[in-house]
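Accompanying notes for the structure given below.
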Amino acid sequence: MNTQAVLSIYRFEMARFFRTLAQSFISPVISTSLYFVVFGAAIGSRIAEVEGVSYGAFIVPGLIMLSVMTQAISNASFGIYFPKFIGTIYELLSAPVNFLEIVLGYVGAAATKALFIGVVILATSALFVDLQIAHPLAMIAFMVLTCISFSLFGFIIGIWARNFEQLQLIPLLVVTPLVFLGGSFYSISMLPPLWQTVTLFNPVVYLVSGFRWSFFGLADVPVGLSLLAILGFTALCLGIIWWIFRTGWRIRG
Amino acid sequence: MAAMVQIQDLRKVYDGGFEALKGVNLDIEEGEILALLGPNGAGKTTLISTICGITLPSSGSVTVGGYDILADYRKTRGLIGLVPQEINLEPFEYVRNTVAFSRGLFGKPRNDGRVEEILKKLSLWDKRDSKIMELSGGMRRRVLIAKALSHDPRVLFLDEPTAGVDVELRRDMWDIVAQLKADGVTIILTTHYIEEAEAIADRVGVISKGELLLVEDKSTLMTRMGRKELRVDLQDPLTALPDSLSDFDLALAEDGLSVTYAYDTAAERTGIARLVGAFSAEGIVIRDLQTSQSSLEDIFVTLVHKTEDAA
């Protein structure tokens with residue numbers, strides 16, 4: 001194991017993050033506050049409570065998930081796409097590192113950044129609503145696993161993308177709609193029966209549900225199923241990345 | 001001792017069907033400087049990329065320091081430093097950080113002192129805290145070299161290191177190469193500049209259309225293929241060459257004031273003494289003599305054209 005390489009990549013990527021710390025920090029705080037104003041104040045005045053939890057508090061897990069997923073994807077995809085775009089990937093390909101070390105470095109850094117944003121949003125939320133966390137360990141586990149799995153997913157997108165447009169395509173056309181339709185801002189029990197069934201095909205539902213359970217003990221789907229979903233997604237992404245490096249797809253000519 | 005780099009029947013066919021390398025065989029000895037000459041698209045960069053691990057070979061084998069580049073990639077890549085042709089650097093990074101990053105990437109523990117030495121050697125120490133985007137093109141190329149040297153490689157690949165570089169930097173670059181050679185580093189460089197190969201290489205390889213046409217000692221190559229010319233300047237103009245000189249391969253200048261004699265340096269006798277004797281026997285007064293040797297450039301052009309004509 002080339003630990004030096006893993007640490008070098010990790011530090012290099014984190015340095016990029018710290019250079020833009022203000023931006024990385026302020027933007028999630030502002031957007032979270034906006035969500036509270038818009039969803040909390042406007043919709044929350046009509047929906048007082050969801051299953052015994054105030055609407056403002058109810059949307060917190062979904063808000064965190066939304067940001068963590070999009071941040072993990074954009075950080076990881078950009079992290080590996082940028083060297084491809086400017087050509088510095090030659091160094092990575094000619095270095096004595098294997099795919100696991102490259103993934104640990106890039107995905108580790110992207111997941112750390114996403115986790116940081118998640119914690120910032122959690123802290124910001126605490127300013128607006130009374131938060132209770134019923135299962136803190138489970139909460140941390142779900143958050144960390146989501147950071148890791150979506151960073152892996154972002155890494156795949158970054159390797160797949162041939163231009164900046166493609167880099168934005170999947171997050172914009174697939175991930176954001178899935179998150180919005182995945183029960184981030186409502187309980188799926190509030191939907192008509194047909195849509196409840198349709199929604200169960202949305203993988204994000206399982207993540208948000210499990211994460212919300214760790215806060216309020218409320219879940220749309222069983223917690224075990226949520227955990228299985230996120231572990232399955234992580235395994236799938238790892239499998240794809242392993243295949244990418246074995247075949248050199250889109251990175252090694 | 002086995003060669004530092006051994007390339008056996010290396011072939012590379014790209015996905016589109018383009019055959020970039022058509023069975024290259026080459027042994028590169030430890031501590032030598034090998035210059036690879038070839039026109040654009042000859043396969044020079046593909047050859048280097050394959051040895052370094054950036055491109056996968058289609059068939060054939062390569063060993064570096066006795067290790068296979070695929071089976072023992074960690075060992076071979078650790079031995080190799082690569083200075084790519086394109087200036088690929090992250091514009092927002094700092095000089096010192098990017099060099100330290102390369103060192104770590106190649107598995108070497110952090111060593112600020114070593115990084116400082118390398119930066120000083122490349123006259124980059126003053127720029128250590130500058131961003132890449134603030135540097136001139138020449139400075140950026142130095143950064144690329146610093147990155148390649150950061151992990152103390154035993155084999156250094158320089159892919160057209162002096163393309164678009166000013167004279168001063170080119171001289172510096174040659175000095176750096178000479179220093180590395182003194183340290184025992186094996187150096188492989190590709191170039192368009194034949195004078196560069198002439199100035200610094202021990203051996204020269206000529207590659208064209210994915211085939212290695214020849215690899216030879218620079219001096220042997222130049223002697224073997226070199227034609228020399230002797231120019232004889234005359235005191236008084238000649239209208240025609242006397243018949244007694246018809247044995248020699250001579251050409252009379254239009255103004256009749258000089259005669260050119262082409263001869264092969266590899267021949268046992270050059271015939272110069274005999275020629276001068278023949279001149280004085282005819283009563284022709286010689287004013288001056290000068291010789292010139294064909295350069296690598298002429299050799300190179302002849303070689304590449306020969307294969308193109310054959311194809």
Side-chain angles (χ1 to χ4, degrees), chain A residues 1-24 75 78-106 108-109 158-159 162 243-253, chain B residues 12-16 18 20 45-46 48-58 67 69 72-94 97-111 131-132 144 147-148 150-151 153 157 159:
Chain A
M1 180 69 139
N2 187 345
T3 354
Q4 288 294 341
V6 176
L7 287 175
S8 291
I9 297 172
Y10 184 82
R11 277 198 290 258
F12 198 78
E13 284 299 298
M14 290 310 287
R16 199 205 306 281
F17 179 61
F18 286 120
R19 277 202 296 270
T20 54
L21 191 64
Q23 182 188 324
S24 321
N75 282 324
F78 186 79
I80 190 69
Y81 177 75
F82 195 56
K84 267 190 1 172
F85 176 68
I86 60 170
T88 51
I89 192 140
Y90 84 87
E91 199 175 23
L92 214 52
L93 298 178
S94 63
V97 291
N98 64 15
F99 95 95
L100 199 65
E101 289 149 2
I102 295 178
V103 168
L104 274 176
Y106 280 102
I159 286 183
R162 289 190 199 273
W243 173 83
I244 286 174
F245 277 87
R246 203 177 57 96
T247 57
W249 183 72
R250 293 213 173 163
I251 43 172
R252 226 174 224 129
Chain B
K12 173 67 190 180
V13 184
Y14 282 108
D15 285 345
F18 175 69
T45 301
T46 303
I48 290 183
S49 300
T50 311
I51 302 170
C52 295
I54 297 167
T55 347
L56 296 168
S58 302
Y67 300 107
I69 55 158
D72 292 313
Y73 71 94
R74 279 190 200 270
K75 290 211 168 88
T76 63
R77 292 184 198 171
L79 289 170
I80 296 175
L82 167 65
V83 181
Q85 193 174 331
E86 309 283 334
I87 299 183
N88 300 320
L89 290 165
E90 285 219 23
F92 308 109
E93 272 307 320
Y94 296 95
N97 291 354
T98 190
V99 175
F101 166 74
S102 300
R103 185 177 167 85
L105 194 60
F106 279 76
K108 292 276 177 126
R110 185 175 164 169
N111 184 339
K131 282 185 179 179
I132 303 292
L144 280 181
K147 279 166 79 76
S150 65
H151 63 283
F157 286 93
D159 198 355

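Below, chain A is the first sequence line, B the second, and so on; all start at residue 1.
Judged purely by atom type and a 3.5 angstrom limit, R77(B) has no side-chain atom pairing as donor or acceptor with the backbone of S94(A). Side chain of H151(B) to backbone of A95(A): no donor-acceptor contact under 3.5 angstrom is found. Of the possible polar contacts, none joining the T76(B) side chain to the Y67(B) backbone as a donor-acceptor pair under 3.5 Å is found.
Contacts of R11(A) with chain B are absent, with no heavy-atom separation under 4.5 Å from either backbone or side chain. Of the atoms belonging to S102(B), heavy atoms from both backbone and side chain fall under 4.5 Å from chain A. Heavy atoms closer than 4.5 Å to chain A are found nowhere in R103(B), neither backbone nor side chain. Heavy-atom distances place the backbone of K108(B), and not its side chain, under 4.5 Å from chain A.
Scanning residues 85-93 of chain B against chain A with a 4.5 Å heavy-atom cutoff picks out N88(B), L89(B), E90(B), P91(B), F92(B), E93(B), ordered by number.
The environment of R162(A) atom CZ is sparse: at most 12 non-hydrogen atoms of other residues, nucleotides or ligands sit within 6.0 angstrom.
Between chain B and the options I89(A), V6(A), N98(A), the largest number of non-hydrogen pairs under 4.5 Å is found for N98(A). Ranked by heavy-atom pairs under 4.5 Å with chain A, the list G81(B), C52(B), S49(B), A148(B) is led by C52(B). Your options are G78(B), P84(B), A100(B), and the one with the most heavy-atom pairs under 4.5 Å with chain A is P84(B).
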Item to complete: Give the C-alpha distance, both sets of side-chain angles, the deciding distance and a yes or no for side-chain hydrogen bond (donor to acceptor under 3.5 Å, both in side chains) between K147(B) and T98(B).
Response: CA-CA 7 Å; K147(B) 279 166 79 76; T98(B) 190; 2.7 Å; yes

Discussion item. Applying side-chain hydrogen bond (donor to acceptor under 3.5 Å, both in side chains) to Y14(B) and T46(B), what does each step give before you reach the verdict?
Written reply: CA-CA 10 Å; Y14(B) 282 108; T46(B) 303; 3.2 Å; yes

